[in-house]
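Please read all numbers here as calculations on a predicted model, not as lab measurements. Only this structure's heavy atoms are used, side chains among them; waters, hydrogens and symmetry mates stay out. Numbers for residues simply follow the sequence, beginning at 1.
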Amino acid sequence: MKKSILIISFLFTVSLLYGQEINLSDEFFHQLGYRITKSDTEKTAWEEREFKLLNKRAISIKSINQVKGWANTWYRYIIQIESFPTTARAEQRLNRILDLPPDSPLHEDKSFPLREGFVYKTYTVILSTDVYKFYLDPEFKRIFKHVQHKIKKTETSLDIREKSNKQELKDESN
């Protein structure tokens with residue numbers, strides 16, 4: 001009985017590690033001084049065809065406080081989380097994040113060159129803005145680093161749990 005509980009626990013942890021969704025909450029953004037203004041999923045046929053995109057989630061955020069020295073202006077960014085069948089596909093997408101999909105809505109065109117991203121397992125995470133000044137501002141890098149750290153921190157805590165479960169299984173088999 002104890003052995004089967006440990007195996008189930010191990011399988012659950014592995015499924016969390018490899019099948020987990022990336023979750024960036026309202027609370028996370030609020031701590032950074034932002035609020036979520038929109039969260040949606042919209043993938044294009046081009047992305048599905050070119051990269052085998054499985055899912056795409058876009059989170060639009062807006063700063064709570066105005067940009068210093070710029071009246072009636074708030075920072076606005078979009079975080080895209082794209083899921084692929086393999087890490088290689090995610091890396092292929094990252095290498096081409098500046099490629100404009102031929103079937104993209106026109107309102108996205110201006111934001112395509114103003115983006116950076118990273119790969120996390122089978123995900124590509126992209127931060128973008130449609131305001132050139134926001135892209136050059138250190139705030140862009142700050143948000144990028146916090147998002148990257150939050151996602152990698154989740155991975156680290158799951159890795160620790162996975163190692164702990166492997167050790168328990170090893171101890172149980174001895």
Taking the side chain as everything from C-beta on, heavy atoms only, tell me whether [X] gets closer than 4.5 Å to [Y].
{"X": "Ser83", "Y": "Leu54", "result": "yes"}
{"X": "Phe134", "Y": "Val67", "result": "yes"}
{"X": "Ile126", "Y": "Ile79", "result": "no"}
{"X": "Trp70", "Y": "Lys133", "result": "yes"}
{"X": "Ile151", "Y": "Tyr123", "result": "no"}
{"X": "Phe29", "Y": "Ile59", "result": "yes"}
{"X": "Leu127", "Y": "Val147", "result": "no"}

Check your understanding: Do Ile64 and Ile61 share a hydrophobic cluster (ILVMFWY, side-chain heavy atoms under 4.5 Å, transitive)?
Key -> no
Roughly how far, to the nearest 0.5 Å, is [atom2] of [Y] from [atom1] of [X]?
{"X": "Ser60", "Y": "Asp40", "atom1": "OG", "atom2": "CG", "value": "6.5 Å"}
{"X": "His30", "Y": "Ile36", "atom1": "NE2", "atom2": "CD1", "value": "12.0 Å"}
{"X": "Glu139", "Y": "Phe144", "atom1": "CD", "atom2": "CZ", "value": "14.0 Å"}
{"X": "Leu24", "Y": "His146", "atom1": "CG", "atom2": "NE2", "value": "13.0 Å"}
{"X": "Arg49", "Y": "Thr44", "atom1": "CZ", "atom2": "OG1", "value": "7.5 Å"}
{"X": "Ile143", "Y": "Glu116", "atom1": "CD1", "atom2": "CD", "value": "13.0 Å"}

Check your understanding: Under the side-chain contact (heavy atoms from CB on, under 4.5 Å) criterion, do Thr129 and Ile78 qualify, and how do the steps go?
Key -> CA-CA 6 Å; Thr129 184; Ile78 298 172; over 6 Å; no
Exercise for review: Could you give me the CA-CA distance, side-chain angles and deciding distance for Gln66 and Asn72, then say whether side-chain contact (heavy atoms from CB on, under 4.5 Å) is met?
Suggested key: CA-CA 6 Å; Gln66 291 184 29; Asn72 300 317; 4.2 Å; yes
Review point. Can Glu47 and Lys52 be counted as an ion pair, charged N to O under 4.0 angstrom?
Key: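 Salt bridge between Glu47 and Lys52, a charged N being under 4.0 Å from a carboxylate O: no.
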Check your understanding: Between Glu82 and Lys43, does at least one N-O distance fall below 4.0 Å, as a salt bridge requires?
Key ->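 Looking at Glu82 and Lys43, the cut-off is not met.
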Minimal non-hydrogen separation, [X] against [Y], with atom names:
{"X": "Asn23", "Y": "Lys150", "answer": "O-CE, 4.2 Å"}
{"X": "Arg142", "Y": "Leu32", "answer": "NH2-O, 2.7 Å"}
{"X": "Tyr135", "Y": "Arg115", "answer": "CE1-N, 3.6 Å"}

Check your understanding: More than 12 foreign heavy atoms under 6.0 Å from NZ of Lys141: is that the case here?
Key ->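 No, the 6.0 Å shell around NZ holds no more than 12 heavy atoms from other groups.
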Exercise for review: Decide if atom CZ of Phe28 counts as having more than 12 heavy atoms of other residues, nucleotides or ligands within a radius under 6.0 Å.
Suggested key: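 Counting neighbours around CZ of Phe28, more than 12 heavy atoms of other residues, nucleotides or ligands fall under 6.0 Å, so yes.
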Exercise for review: For Gln80 and Arg57, run side-chain contact (heavy atoms from CB on, under 4.5 Å): C-alpha distance rounded to whole Å, both residues' side-chain angles, the deciding distance at 0.1 Å, then the answer.
Suggested key: CA-CA 6 Å; Gln80 288 177 207; Arg57 192 171 116 211; over 6 Å; no
**Study point:** Full working for side-chain contact (heavy atoms from CB on, under 4.5 Å) between Ile81 and Lys56
**Key:** CA-CA 6 Å; Ile81 302 166; Lys56 179 178 178 179; over 6 Å; no
Practice item. Check for a donor-acceptor pair, side chain of Thr122 on one end and backbone N or O of Thr87 on the other, with a separation under 3.5 Å. Key: no
Point to revise | N/O donor-acceptor pair under 3.5 Å between Arg96 side chain and Leu94 backbone | key: no
Exercise for review: Please step through salt bridge (Lys or Arg N to Asp or Glu O under 4.0 Å) for the pair Arg93 and Glu50, ending with a clear verdict.
Suggested key: CA-CA 9 Å; Arg93 177 65 180 124; Glu50 286 291 312; over 6 Å; no
Check your understanding: Just by distance, with hydrogens left out, do Asp137 and Tyr75 show a side-chain donor and acceptor under 3.5 Å apart?
Key -> yes
Review point. So Tyr77 and Tyr34, would you call those rings parallel, tilted or perpendicular, with 30° and 60° as cut-offs?
Key: tilted
